[in-house]
Amino acid sequence: MSTNAALAQIFESMADVLELTGANPFRVNAHRRVARVIESLAEDVAAIVRRSPAELTAFEGVGEASAKKIVEFVETGSVAEHGELLAQIPPGLPQLLRVPGLGPKTVRMLWQDVSIDSLAALTAALEAGRLDGLPRLGPKTIANLKESLAFMAQSSERVRLGQAIPVAEAIVAMLAALPGVVQAAFAGSLRRGRETIGDLDVLVATTNAAPVAKAFETMGATIDGSKGAQESRGSAKRGFRSEAHGSPPPLPKVTKVLASGETKVSVRLDNGMQADLRIVEPSAFGAALLYFTGSKEHNVRLRERAIAQGMRLNEYGLFPDDGEAAPQDRGVKPVASKTEESIYKKLGLPWIPPELREDRGECTQPIPADLVSLEDIRCELHAHTNASDGSMSLEELVRAAKSRGFHTIAVTDHSRSSVQANGLSPERLIEHIKAIRAVEAKVGGIRVLAGSEVDIHADGSLDYDDDLLAQLDIVVASPHASLRQEPSKATERLLAAVRHPLVNIIGHPTGRIINGRPGLEPDIAAIIAAAKESNTALEINAHHMRLDLRDSHVRLAVDAGVNIAIDCDVHAPDDFDQLRYGVMTARRGWLPRSLCVNTWDAEQLEGWLRAKRGASTVTTAKPARRKPK
DNA sequence: GCCGTTTTCGGCCCGACTGTTTTCAGTCG
């Protein structure tokens, strides 16, 4: 685990103990906030401490006391106060806070009054009926707790972005098709493009809430016939560049209604996710969308800003602050509420793209005016054919790329060491290059770059000789094996590849699989510095299982002015649709169009590729290229 | 514990829903 992750966990743990021992809730929150700050740091916190410990308190939410603990951790590997806190409670107690429906007050009561100090003890006590009759633990709460424990036992981790968005879109489409629905959208971390999602947040604007709530509770099963649900499914999945590939996911089924009020419904779905619906008046849609998109920290920033300007912000709008609560219930007219833009404007801010709303400076620093967007992407530089482990023939791949409107597609099949992926021997690669030239001429209207996704060996060497690499138009170098290397070795390995004169892009630099494997943990700052120096691009692999580079690393690379490639690592036709996840990750890293090589026109792209290889041994004559259309 | 365009002390975002209790505490987002 990285230093940042370990330290963030310690602050979270301290917050848990403080909460369970009844400390000042603001002190508890202060610890949680420091944990979040550390977790979202792009740079290794140890590096900051080594450079200048005083920098720590420059981060909002980190004060003198926390800075001291951070330094202590970097120097000694632990925080003494953490140990002292842990000694005050049974080790199993914090786990109880993770049980849905159990909060600090109840856990504390269970611990002190009936000696329940672990999940196992809670389970046993529930089964034995020992909790019956305790204050505020009526039969319904008892039943809910049993259900929560059962759910915890079989539920898994957070859901990946690419799994959640199609489901959310199906639900939104179903709701949007209901009569009287003015607007429907998903919000929350899904809209912010986080790599994993805790639950789905859906928002609907209507003046007739009851049927919407009902439809949500049943996922459209009660809609007249199945008209609404069926019709909506056709438009549920919006394919990239207006082409829907594959079939849209069916609507999930509801396994339990967790809460059902006039404006709020929560359900558990058969895919294990929880989905929350909020229903608002059309006039408050913007305020509600802003509120439910979050993040929580971003919202707090906005509210503080509102207060400083004599206003009050809630999910119903931005109101003049008259000192009384709930202005919306007293007929107070909002200053702004209908759109997000209007609210930001009244707060003196530009509209902030959802991906940036993480309290990482978006309210105080200038946002890139040319933040990269899906429409900006004009080429794909990492794609496989059935020559290695792709499903498409060379021609099918090129035609698929052309149909997406790309000016260039790079064919980058695996190199020889990726035996499991049918990597190409040098001889096969030479034949492949010829085939690529032939298909480019045959299909026409799109540039086809002859490339390779070359394995970076554990020692940093590449899988083909330089003479062969020099015959290619583009080289993507990626780590595939030895992904549990020591960080120092991983750093050396990647640095060697970054600095190699024939490498244009480092593919999925860490090799991580979200919810699968952690991948390499190199000194990312060193990689970024070398990439800048060598004019090598770092990839955001857009596949939702990878998203590698991750958002925080992208931000660091952007700050250093490093070029970024957003690529789908295409193996099958549908993989082009992964692009949106890569773009969301890029936006979370504040990537401007100018630093994204996929947004460049063909001339600029090829100029960059040539510049990188100009000093190399490239001597092979290449067939003349058409000008881009 | 953190923070300051009235503040180095005294605040710290705001509301919905549930279950229990009978006016509200606790949890959640």
Side-chain angles (χ1 to χ4, degrees), chain A residues 11 14-15 18-19 23-37 56-70 81 85 96-110 133-145 147-148 187-190 197-203 209 213 257-267 274-280 284 287-288 290-319 321 324-329 348 359:
Chain A
F11 274 92
M14 287 196 288
L18 288 168
E19 195 163 42
N24 176 348
F26 296 107
R27 195 174 157 216
V28 174
N29 271 340
H31 280 79
R32 297 212 192 280
R33 183 153 185 217
V34 173
R36 281 195 304 271
V37 169
L56 292 171
T57 52
F59 294 104
E60 218 169 323
V62 181
E64 292 296 336
S66 296
K68 263 190 177 166
K69 288 168 202 163
I70 293 170
E81 191 185 325
L85 283 169
L96 292 177
L97 286 174
R98 313 277 106 85
V99 178
L102 276 190
K105 301 270 171 61
T106 313
V107 171
R108 201 164 166 226
M109 184 273 288
L110 289 172
L134 286 173
R136 305 203 64 82
L137 288 181
K140 285 195 174 174
T141 305
I142 296 285
N144 284 339
L145 283 178
E147 217 264 339
S148 290
S189 51
L190 204 60
I197 306 302
D199 51 33
L200 306 177
D201 295 303
V202 179
L203 189 62
V257 177
L258 299 167
S260 178
E262 283 179 22
T263 65
K264 180 178 167 177
V265 182
S266 288
V267 299
Q274 179 178 323
D276 299 329
L277 170 70
R278 295 295 294 242
I279 305 168
V280 299
L290 181 61
Y291 181 81
F292 292 110
T293 296
S295 64
K296 195 172 176 181
E297 293 75 31
H298 179 79
N299 286 350
V300 169
R301 288 282 156 269
L302 294 184
R303 282 168 188 234
E304 289 172 352
R305 206 177 168 98
I307 290 169
Q309 297 177 23
M311 295 184 285
R312 169 191 289 261
L313 178 64
N314 61 26
E315 59 261 58
Y316 299 102
L318 181 64
F319 296 90
D321 190 1
E324 300 280 319
Q328 67 279 1
D329 295 337
D359 190 23

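- Using a 90° window around 0 for the glycosidic torsion, B:dT6 falls outside it and is classed as anti.
- Within 3.5 Å, no donor on the side chain of A:Tyr291 pairs with an acceptor on the base of B:dG15, nor the reverse.
- Judged by distance alone, the side chain of A:Ser148 and the main-chain N or O of A:Val99 form no donor-acceptor pair under 3.5 Å.
- Of the possible donor and acceptor atoms, none in the side chain of A:Asp201 sits under 3.5 Å from a partner among the backbone N and O of A:Ala187.
- Nucleotides B:dT7 and B:dC12, compared at atom C1', are 13 Å apart to the nearest Å.
- Comment: A:Arg32 engages A:Glu19 in a salt bridge, judged by a side-chain N to carboxylate O separation of less than 4.0 angstrom.
- Contact between the side-chain N/O atoms of A:Tyr316 and the OP1/OP2 oxygens of B:dC13 is not found at any separation under 4.0 Å.
- A:Ser266 comes within 4.0 angstrom of no nucleic acid atom, judged by non-hydrogen atoms across all strands.
- Using a 4.0 Å cut-off, no side-chain N or O of A:Lys296 falls inside it from OP1 or OP2 of B:dG29.
- When the side-chain nitrogen and oxygen atoms of A:Thr106 are compared with OP1 and OP2 of B:dT27, one or more of them lie within a distance under 4.0 Å.
- A:Pro135 comes within contact range of no nucleotide atom at all, as no heavy-atom separation falls under 4.0 Å.
- At the heavy-atom level, A:Leu302 lies nowhere under 4.0 Å from the strands shown.
- Across all strands, A:Pro25 comes closer than 4.0 Å to no nucleic acid atom at all (heavy-atom distances).
- In this entry the distance linking CG of A:Asp359 with P of B:dC13 reads 13 Å, nearest Å.
- Residue contacts shown for A:Asn144 are limited to sugar-phosphate atoms, with no base heavy atom under 4.0 Å away.
- Remark: the separation of the P atoms in B:dC17 and B:dT23 is 23 Å, to the nearest Å.
- The separation of B:dG11 from B:dT6, taken at their C1' atoms, amounts to 13 Å, rounded to a whole angstrom.
- Judged by distance alone, with hydrogens and angles left aside, A:Asn24 brings a side-chain donor or acceptor within reach of the base of B:dG1, the pair sitting under 3.5 Å.
- Rounded to a whole angstrom, the distance from the C1' atom of B:dT22 to that of B:dT18 is 16 Å.
- Nucleotide B:dT8 forms no Watson-Crick or G-U wobble pair with any nucleotide shown, as no partner meets the under 3.5 Å limit on both distances.
- Separating the P atom of B:dC28 from that of B:dT20 is a span of 15 Å, rounded to the nearest Å.
- Within the 4.0 Å cut-off from OP1 or OP2 of B:dG1, at least one side-chain nitrogen or oxygen of A:Lys69 is found.
- A gap of 16 Å separates the P atoms of B:dC13 and B:dT5, to the nearest Å.
- Between B:dG4 and B:dT8, the two P atoms lie 13 Å apart (nearest whole Å).
- Annotation: of the two residues near DNA chain B, A:Asp321 and A:Ala30, the 5′-most nearest-nucleotide partner is A:Ala30.
- Nucleotides of DNA chain B nearest to A:Val265 and A:Leu18 differ in position, and the one nearer the 5' end is that of A:Leu18.
- For A:Asn314 and B:dG15, the shortest distance from a side-chain N or O to OP1 or OP2 is below 4.0 Å.
- With sequence neighbours excluded, the residues that form a side-chain hydrogen bond (donor to acceptor under 3.5 Å, both in side chains) with A:Thr293 are A:Arg191.
- Across the C1' atoms, B:dT21 and B:dG26 are found 13 Å apart, a figure rounded to whole Å.
- A:Thr57 places a side-chain heavy atom less than 4.5 Å from the side chain of A:Glu64.
- Residue A:Ser66 has a polar side-chain atom (N or O) positioned under 4.0 Å from OP1 or OP2 of B:dC2.
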Polar atom pairs between nucleotides 3-10 of chain B and protein, under 3.5 Å, N or O only, would you list them?
residue : atom : partner : partner atom : Å
B:dC3   : OP1  : A:Gly61 : N            : 2.7

